[in-house]
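Every value quoted in this text rests on a predicted model; they were computed, and no experiment measured them.
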Amino acid sequence: MTAALRFDPIRLPPVCEELRKEVRAFLAEEIAAGTFDPNKPQREDSDAPEFSRRVGERGWLGMTWPKQYGGHERTFLERYVVTEEMRVANAPTRRFFVADRQSGPVLLKYAPEHIKMDILPRICRGELCFAIGMSEPNSGSDLFAAKTKATKTDGGYLINGSKIWTTSAHIADYMIAIFRTSPPTKENRRHGLTQFLVNMKSPGIKVNPIAQITGQYEFNEVVFTDVFVPDDHLLGEVDGAWKQATSELAYERSGPERFLETYYVLTELVRALGPDPDTRGAEGVGRLVAQLHTMRRMSVSVAGMLQAGKEPVVEASIVKDIGTIWEQQLPHRVRELAAFVDGEASNHATLDELTAFATKLAPKLTIQGGTTEVLRGIIARGLGLR
């Protein structure tokens with residue numbers, strides 16, 4: 001039953017370790033220049049357009065894409081290293097991350113040539129921000145229950161409805177979204193959805209921010225009222241977007257960002273415990289690091305599959321599932337271990353502050369990229385269990 005699953009034991013080649021040194025040096029320069037503080041994940045403004053452009057100048061956006069579109073034809077494993085270092089350093093990646101991770105690959109596969117030639121080079125230069133329009137109100141993480149309609153009109157489509165939990169929509173230049181173009185059929189409830197490229201500056205779009213308990217604004221509700229999308233912004237097959245969206249989610253669910261979002265509390269715990277922790281602290285950190293290492297190996301394996309041109313949907317869903325659970329539980333485990341930290345020998349206040357923030361952040365982690373329940377349904381279906 002489980003023979004279909006594969007997590008090949010891929011090792012990062014030497015070129016990746018050389019790249020890691022370059023990225024760390026770049027981030028150290030940015031930190032020294034005051035671009036961001038790696039010890040403050042709770043910063044209010046993580047949109048840093050100039051930082052995005054400097055990342056683009058280094059050739060670290062569109063790394064795997066063809067050079068004709070501004071890409072650099074490097075490997076998914078090299079891109080993995082850049083993502084990992086950015087996430088560990090708490091770098092302000094919000095402006096470019098979605099565009100680089102999944103929107104660009106979707107455009108590469110399905111957009112008309114003139115769209116690719118216009119937009120992809122600008123993503124590679126760090127000039128564009130993308131949002132993903134999938135989830136809708138009253139449908140949870142059931143993407144195929146989408147009701148927002150795209151109605152055919154002269155020269156394009158009119159969009160009416162709304163999307164929710166739309167990360168970075170308030171600063172996005174474009175959205176790649178799925179809308180209903182036909183009713184579902186009895187045989188296939190996934191039928192009738194079509195994927196579109198939407199210019200977020202179009203008339204009729206209203207973005208309503210959704211506040212998180214951290215005080216930050218990252219998610220949004222996006223309301224469409226007779227928004228016109230031209231015919232050449234339709235991506236792929238009419239009524240067949242479910243196949244495209246499923247493939248796209250392999251990019252979204254498998255990267256190191258899926259288990260490193262609260263990582264900073266682990267590093268702060270290690271600092272607080274010091275070089276000579278007691279047996280309880282050493283054992284606790286050892287278990288956490290072993291779990292982290294296992295998830296990382298699985299995630300790197302998925303990157304290797306993407307490099308090989310595969311679509312590891314089930315494997316990516318597993319990485320997202322266990323990664324979300326781990327990073328949600330991490331602040332609680334750190335708090336338990338920190339109870340025995342000598343406050344006089346460490347900056348316990350910093351650890352308390354970061355742990356409190358990570359605890360408040362944790363609930364949103366299951367929303368982004370698909371809830372745990374939906375992911376487990378995908379895994380079960382991929383294993384032939386439902």
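- Counting only residues at least two apart or in different chains, salt bridge (charged side-chain N to carboxylate O under 4.0 Å, His left out) contacts with residues 273-284 comprise Glu283-Arg287.
- Across all their heavy atoms, Ser103 and Ile176 have their closest contact at O-CD1, 3.6 Å.
- Between Leu19 and Glu78, the closest heavy-atom pair is CD2-O, 3.4 Å.
- Within the 4.5 Å cutoff, side-chain heavy atoms of Glu30 are placed close to those of Phe36.
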- Task: Could you please spell out the steps behind the ring pair (Phe, Tyr, Trp, His ring centres under 6.0 Å) verdict for Phe219 and Trp165?
- Result: CA-CA 5 Å; Phe219 294 141; Trp165 311 123; 5.7 Å; yes
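- Here the CD1-OG1 distance, from Ile210 to Thr166, works out to 7.0 Å after rounding to the nearest 0.5 Å.
- Residue Phe179 is not grouped with residue Leu235 when hydrophobic side chains (ILVMFWY) are merged at heavy-atom distances under 4.5 angstrom, including chains of intermediate members.
- Listed by first then second residue, pairs satisfying salt bridge (charged side-chain N to carboxylate O under 4.0 Å, His left out) with a partner in residues 356-365 read Glu218-Lys364, Glu261-Lys364, not counting sequence neighbours.
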- Dump the intermediate steps for side chain to side chain contact (heavy atoms under 4.5 Å, CB included) on Phe96 and Cys129, then the final yes or no. CA-CA 5 Å; Phe96 62 79; Cys129 178; over 6 Å; no
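- Leu12 and Leu292 end up in the same hydrophobic cluster when Ile, Leu, Val, Met, Phe, Trp and Tyr side chains are linked at under 4.5 Å.
- Between the side chains of Thr167 and Arg94, no donor-acceptor pair of N or O atoms lies under 3.5 Å.
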- Please assess His233 against Ile115 for the test side chain to side chain contact (heavy atoms under 4.5 Å, CB included), listing each intermediate value before the final yes or no. CA-CA 8 Å; His233 281 47; Ile115 296 289; 3.7 Å; yes
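- In terms of modelled atom types and a separation under 3.5 Å, the side chain of Arg180 and the main chain of Ala146 share a donor-acceptor contact.
- At a cut-off of 3.5 Å, with distance as the only test, a side-chain donor of Tyr80 or Ser299 sits close to an acceptor on the other residue.
- Met295 has its side chain out of reach of Val319: every pair of non-hydrogen atoms, C-beta onward, lies at least 4.5 Å apart.
- Thr181 and Asp239 share a side-chain donor-acceptor pair at under 3.5 Å.
- Side-chain N/O atoms of Glu73 and Trp65 include no donor and acceptor closer than 3.5 Å.
- No chain of hydrophobic side-chain contacts below 4.5 Å, direct or via other Ile, Leu, Val, Met, Phe, Trp or Tyr residues, connects Ile164 to Val198.
- Both Val334 and Leu273 are part of a single hydrophobic cluster, where members link through side-chain heavy atoms under 4.5 Å apart.
- Shown here for Leu351 and Ala338, the closest heavy-atom pair between the two residues is CD2-CB, 3.5 Å.
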- Task: With side chain to side chain contact (heavy atoms under 4.5 Å, CB included) as the test, would you mind laying out the steps for Met200 and Ile205 before giving the verdict?
- Result: CA-CA 7 Å; Met200 290 295 288; Ile205 294 178; 4.1 Å; yes
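- Across Asp173 and Leu128, no two heavy atoms sit closer than the pair OD2-CA, 3.4 Å.
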Which pairs of donor and acceptor atoms, one on a side chain in residues 223-232, lie under 3.5 Å apart (sequence neighbours left out)?
residue	atom	partner	partner atom	Å
Asp226	OD1	Asn160	ND2	3.0
Asp231	OD1	Lys152	NZ	3.2
Asp231	OD1	Gly156	N	3.4
Asp232	OD2	His114	NE2	2.9

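- Of the possible polar contacts, none joining the Thr64 side chain to the Thr75 backbone as a donor-acceptor pair under 3.5 Å is found.
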- Chi angles and distances behind the side chain to side chain contact (heavy atoms under 4.5 Å, CB included) call for Gln291, Phe259: CA-CA 10 Å; Gln291 294 160 1; Phe259 50 87; over 6 Å; no
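- Ser162 and Glu136 share no donor-acceptor pair across their side chains, judged by distance under 3.5 Å alone.
- Atom-to-atom distance recorded for Glu257:CD and Lys320:NZ is 10.5 Å, nearest 0.5 angstrom.
- Looking only at side-chain heavy atoms (C-beta outward), Glu85 and Leu27 come within less than 4.5 Å of each other.
- Pairing each heavy atom of Cys124 with each of Gly62, the nearest pair is SG-CA, 3.9 Å.
- By the 30° and 60° cut-offs, the orientation of the rings of Tyr264 relative to Phe357 is tilted.
- A 4.5 Å side-chain heavy-atom check between Arg54 and Thr35 finds at least one atom pair inside the cut-off.
- Remark: side-chain polar atoms of Ser202 are paired, donor with acceptor, to backbone N or O of Asn199 under 3.5 angstrom.
- Considering all non-hydrogen atoms of both residues, Arg79 and Phe97 come closest at NH2-CE1, 4.3 Å.
- Under the ring pair (Phe, Tyr, Trp, His ring centres under 6.0 Å) criterion, the residue pairs touching residues 5-29 are Phe26-Phe51, Phe26-Trp60, with sequence neighbours excluded.
- Side-chain atoms of Asp37 come within 3.5 Å of backbone atoms of Asn39 as a donor-acceptor pair (strictly under, hydrogens ignored).
- Among residues two or more places apart in sequence or in another chain, the salt bridge (charged side-chain N to carboxylate O under 4.0 Å, His left out) test is passed with Arg297 by none.
- Between the CZ atom in Phe196 and the CE atom in Met175 there is a gap of 13.5 Å [rounded to 0.5 Å].
- The shortest side-chain heavy-atom distance between Lys163 and Glu221 does not fall under the 4.5 Å cut-off.
- Hydrophobic clustering of Ile, Leu, Val, Met, Phe, Trp and Tyr side chains at less than 4.5 Å, counting indirect connections, unites Val265 with Val289.
- Pairs engaging residues 55-68 under the salt bridge (charged side-chain N to carboxylate O under 4.0 Å, His left out) rule: none recorded [sequence neighbours left out].
- Trp326 is listed as a side-chain neighbour of Leu288, based on a closest heavy-atom distance under 4.5 Å.
- Taking NZ from Lys21 and CZ from Arg24, the interatomic distance works out to 10.0 Å, rounded to the nearest 0.5 Å.
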